[in-house]
There are 2 protein chains.
Amino acid sequence: MLDEKDRKILEILMKDARKPFTEIAKELNTSESSIRKRIKKMEENGIIKGYTVVIEPAKIGYNVIALTGFDTDPQDVLDVAKELCKFEEVKKVFTSTGDHMIMTEIWARDGSELKEILFNKIGKIKGIKKICPAIILERLK
Amino acid sequence: MLDEKDRKILEILMKDARKPFTEIAKELNTSESSIRKRIKKMEENGIIKGYTVVIEPAKIGYNVIALTGFDTDPQDVLDVAKELCKFEEVKKVFTSTGDHMIMTEIWARDGSELKEILFNKIGKIKGIKKICPAIILERLK
DNA sequence: TTTGAAAATTGGCCTAA
DNA sequence: TTAGGCCAATTTTCAAA
């Protein structure tokens, strides 16, 4: 379902999703149509879910990124996770094993805004028992 | 440094980084060259770090994604974090406050492979005192 | 902002394995 | 049947005015 050529295409797209098919074809010593058809198939298969821009949060004023775990009663996990998805500031939401059943990534302009988000906005979701924010100091990879 | 139009461009690119400039221009009621020049400037400024493809890990055989915290002695944090970056399977590395000074995202094909990565490969890095993996059950956002 | 040439994308149709 | 090749029409990109 996914051969070596597909993997190489994905590798290239991971580094630069806007690279023209013609150039990818040149790099892999094959034709543009082959590349195009493979990519289209991967999009249809759901292997490729989309393309996105990688932003430096600090450069657009988001200086505080917090990996934030949430604890709830077991029966509330899914409802709370769904509620969390609704907030613009909550960029990622996972359910997971480990210390917290819900893990999120939250973007804020500063500590004060994070406080607002955590305590005034999110904090009001019914069922949250504990909030465990860990502020990212540096992203190394 | 970043006005409303730039923000809207970023918003659109976040949803689909391959959308042609002409189409973005149409959506924002402006010209293609204006859009292109703004994007170029954001790339030069480092606001836009790049473009990437969003992949469904499970579809390419990565069925176990683990948010993994690492504990070390304080003076070893940066060295360990740097070592972690070297592993292909470790897709993201952060230093952070909170329970663990180092947070990572690790991709493995299955539990057995995760075990190999954590205990045989990564586990051998000098200075790691504790490994705390949390396996992602579902990504909701 | 507009314009025009070069490049890339897209779709259809074809062949070969 | 599927992957890849080829061609032609359209769209997009890009730089200069």
Side-chain angles (χ1 to χ4, degrees), chain A residues 1-62 88 91 107, chain B residues 1-65 88-89 91 107-110 113 139 141:
Chain A
M1 182 173 169
L2 196 76
D3 64 9
E4 196 47 39
K5 202 175 259 183
D6 288 325
R7 283 178 202 286
K8 280 194 180 154
I9 292 171
L10 287 179
E11 213 173 288
I12 289 172
L13 286 178
M14 255 154 52
K15 280 188 225 130
D16 180 8
R18 284 189 71 99
K19 184 168 282 190
F21 301 156
T22 48
E23 234 181 282
I24 298 173
K26 228 185 287 173
E27 281 180 41
L28 300 182
N29 278 322
T30 176
S31 73
E32 178 271 340
S33 72
S34 159
I35 298 292
R36 177 156 49 95
K37 279 160 192 173
R38 282 169 177 273
I39 289 176
K40 189 170 186 199
K41 187 178 278 181
M42 288 193 280
E43 288 169 352
E44 286 165 353
N45 284 343
I47 292 171
I48 291 178
K49 295 206 291 181
Y51 306 91
T52 192
V53 59
V54 183
I55 295 170
E56 176 67 50
K59 295 255 183 168
I60 58 169
Y62 288 92
E88 168 68 23
K91 300 293 182 184
W107 289 24
Chain B
M1 184 173 168
L2 196 77
D3 64 10
E4 195 47 39
K5 204 173 257 181
D6 288 325
R7 282 178 203 288
K8 281 194 180 153
I9 293 172
L10 288 179
E11 214 175 287
I12 290 171
L13 287 178
M14 257 155 50
K15 280 187 225 131
D16 179 8
R18 282 189 74 99
K19 183 170 282 190
F21 301 155
T22 47
E23 229 180 287
I24 298 173
K26 225 186 290 171
E27 283 180 40
L28 300 182
N29 277 320
T30 178
S31 73
E32 178 268 339
S33 69
S34 156
I35 298 292
R36 189 152 43 81
K37 278 168 190 168
R38 280 169 179 274
I39 289 177
K40 190 168 185 200
K41 189 180 278 181
M42 288 193 280
E43 288 170 351
E44 286 165 355
N45 284 343
I47 292 171
I48 291 178
K49 295 207 292 183
Y51 306 92
T52 192
V53 60
V54 183
I55 295 170
E56 176 68 52
K59 294 255 182 167
I60 58 170
Y62 289 93
N63 293 294
V64 178
I65 314 294
E88 167 69 22
E89 301 92 339
K91 301 291 182 186
W107 288 25
R109 294 180 187 283
D110 51 39
E113 192 179 289
R139 173 165 190 175
K141 184 175 180 182

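In this text, all values refer to a predicted model and were calculated from it rather than measured experimentally. Below, read A as the first sequence line, B as the second, and so on, with proteins coming before strands; counting in each chain starts at 1.
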A.B. asks: Going by the rule salt bridge (charged side-chain N to carboxylate O under 4.0 Å, His left out), which residues pair with A:Lys15 if we only count those two or more places apart in sequence or in a different chain?
C.D. replies: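 Counting only residues at least two positions away or on another chain, A:Lys15 forms no salt bridge (charged side-chain N to carboxylate O under 4.0 Å, His left out).
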A.B. asks: With distance as the sole test, does A:Glu23 use its side chain to make a donor-acceptor pair with the main-chain N or O of A:Lys19 at under 3.5 Å?
C.D. replies: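 No, because the side chain of A:Glu23 does not come within donor-acceptor range (under 3.5 Å) of the backbone of A:Lys19.
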A.B. asks: Can you check each nucleotide of nucleotides 7-17 of chain D against protein heavy atoms at under 4.0 Å and return B for base, S for sugar-phosphate only, - for none, in 5' to 3' order?
C.D. replies: -----SBBB--
A.B. asks: From NZ of A:Lys41 over to P of D:dT1, roughly how many Å is that when rounded to an integer?
C.D. replies: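 To the nearest whole Å, that distance equals 13 Å.
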A.B. asks: How large an angle, rounded to 10°, do the end axes of the helix from C:dT1-D:dA17 to C:dA17-D:dT1 enclose when each is built from five base pairs?
C.D. replies: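 That helix has its two terminal axes inclined by roughly 20°.
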A.B. asks: Do other residues, nucleotides or ligands put more than 12 heavy atoms under 6.0 Å from the NZ atom of B:Lys91?
C.D. replies: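 It does: B:Lys91 NZ has more than 12 such atoms within range.
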A.B. asks: What residues, two or more places apart in sequence or in another chain, satisfy ring-ring contact (aromatic ring centres under 6.0 Å, His included) together with A:Phe21?
C.D. replies: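 Listed in chain order: nothing, the list is empty.
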A.B. asks: Can you tell me if A:Lys8 uses its side chain to pair, donor with acceptor, with the backbone of A:Leu28 under 3.5 Å?
C.D. replies: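 Not a single qualifying donor-acceptor pair exists.
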A.B. asks: What integer distance in Å separates A:Met1:CE from D:dT2:P?
C.D. replies: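 Interatomic distance, CE of A:Met1 to P of D:dT2: 14 Å.
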A.B. asks: Find the distance between CD1 (B:Ile24) and OG1 (B:Thr30) and round it off to the nearest 0.5 Å.
C.D. replies: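 Going from CD1 on B:Ile24 over to OG1 on B:Thr30, the span is 11.5 Å.
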A.B. asks: Please name all residues satisfying ring-ring contact (aromatic ring centres under 6.0 Å, His included) with B:Tyr51, sequence neighbours left out, ordered by chain then number.
C.D. replies: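 Per chain and number, B:Tyr51 pairs via ring-ring contact (aromatic ring centres under 6.0 Å, His included) with no residue.
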A.B. asks: If you draw a 6.0 Å radius around CD in B:Glu88, do more than 12 non-hydrogen atoms from other residues or ligands fall strictly inside?
C.D. replies: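 Counting other residues, nucleotides and ligands, CD of B:Glu88 stays at 12 neighbours or fewer.
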A.B. asks: For chain A and DNA chain C, what are the first and last nucleotides along the strand, 5' to 3', with at least one atom under 4.0 angstrom from a heavy atom of the protein chain?
C.D. replies: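 Boundary nucleotides touching chain A, in 5' to 3' order, are C:dA8 to C:dC13.
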A.B. asks: Does any non-hydrogen side-chain atom of A:Met14 lie less than 4.5 Å from one of B:Ile55?
C.D. replies: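 Yes. Closest side-chain heavy atoms under 4.5 Å.
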A.B. asks: Would a distance-only check, ignoring hydrogens and angles, find a side-chain to backbone donor-acceptor pair under 3.5 Å from A:Thr52 to B:Thr52?
C.D. replies: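 Absent.
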